[in-house]
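Below is one structure, written out as structure tokens; the observations come after it.
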Amino acid sequence: MSVVLRTNQLTKCYNGRPVVDHLSMTIHKGDIYGFIGKNGAGKTTLIRMIAGLAAPTSGNALLFGSADLRKGRKRIGTVIESPALYPGMTAKENLLVHYRLQGIRDTSRADAILTLTGLKDAGRKKARDFSLGMRQRLAIAIALIGNPRFLILDEPTNGLDPEGIKEIRDLLLRLNHDRQITVLISSHILSELSKFATRYGIIHQGRLIDEFTEEQLIRRCTGPDGTQVMDLEDYFLKKIQGGISHDTFIKK
Ligand SMILES: Nc1ncnc2c1ncn2[C@@H]1O[C@H](COP(=O)(O)OP(=O)(O)OP(=O)(O)O)[C@@H](O)[C@H]1O
């Protein structure tokens, strides 16, 4: 199975304190990787390092098997901070500005990207009148401009209502299933994440303390009589409280 992202002992210190601490994670092609951790655990810092927005203090990363991250980053799309949207412009106009900013002359996919992200119908509506969900979908549309093979999203459903959250989930599933785009998504909404993530990583105090597949999660959340005794949220909370490895019903 080919590896899209591998970090080796990646570390970032601020003021001498590690906020990402010797973190080694692996994301395989086709994964929807749910990256979870408490506030301040280090998720955004890890993502910023991958995207080239922060320099590691030590350790390294490989993108698509290569240490040439500049090249690898051309094949990734990111939704990290809210992108600069021009309030007086439509979705398409905003998208075209970002094509120009990224130096991509061929805009022939713009309409397809708007259709894919459900923004085609927004027509002449200006970004200032967009709902938060529409803004987030425009952010994803902008991340798709370079035809990425790997999409990294930092809390893309933050603040969205249930409909907006479902729209983002359905979009990410379409991108993953139909276009084979690998996804790394951080989120605090664990019930939502567990609806579509295929692998998970738990970060706690800068360290990756667990990595598991959806099948492993199901097994670990199932009691000896075959009934489900926990969900992702329960599992996460137990894990960060250090109680999980001693539970007798946990099957690895
Ligand atoms: N530029 C910076 N300078 C100093 N400290 C920073 C900087 N960026 C992040 N930190 C600190 O690093 C730690 C990890 O922050 P980070 O934003 O990566 O966490 P997070 O897991 O994304 O949290 P949240 O879920 O709240 O977004 C926090 O204690 C934060 O205050």
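Whatever order the structure lists them in is the order used to number ligands and atoms, beginning at 1.
- Electrostatic pairing of K166 and D170 counts as a salt bridge here, judged by a charged N lying under 4.0 Å from a carboxylate O.
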Begin from the C-alpha positions of D154 and K43 and carry the test salt bridge (charged side-chain N to carboxylate O under 4.0 Å, His left out) through to its verdict. CA-CA 8 Å; D154 193 16; K43 301 179 295 295; over 6 Å; no
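- Salt-bridge check for R124 with E93: passed, with a basic side-chain N closer than 4.0 Å to an acidic carboxylate O.
- Residues in residues 194-214 take part in these ring-ring contact (aromatic ring centres under 6.0 Å, His included) pairs, two or more places apart or across chains: Y200-F212, F212-Y235.
- Once rounded to the nearest 0.5 Å, the distance linking CG of L171 with CG of L151 reads 8.5 Å.
- Within 6.0 Å of CZ on R179 lie no more than 12 heavy atoms contributed by other residues, nucleotides or ligands.
- Closer than 4.0 angstrom to ligand 1 by heavy atom are Y14, R17, V19, K38, N39, G40, A41, G42, K43, T44, T45, E155, H188, sorted by chain and number.
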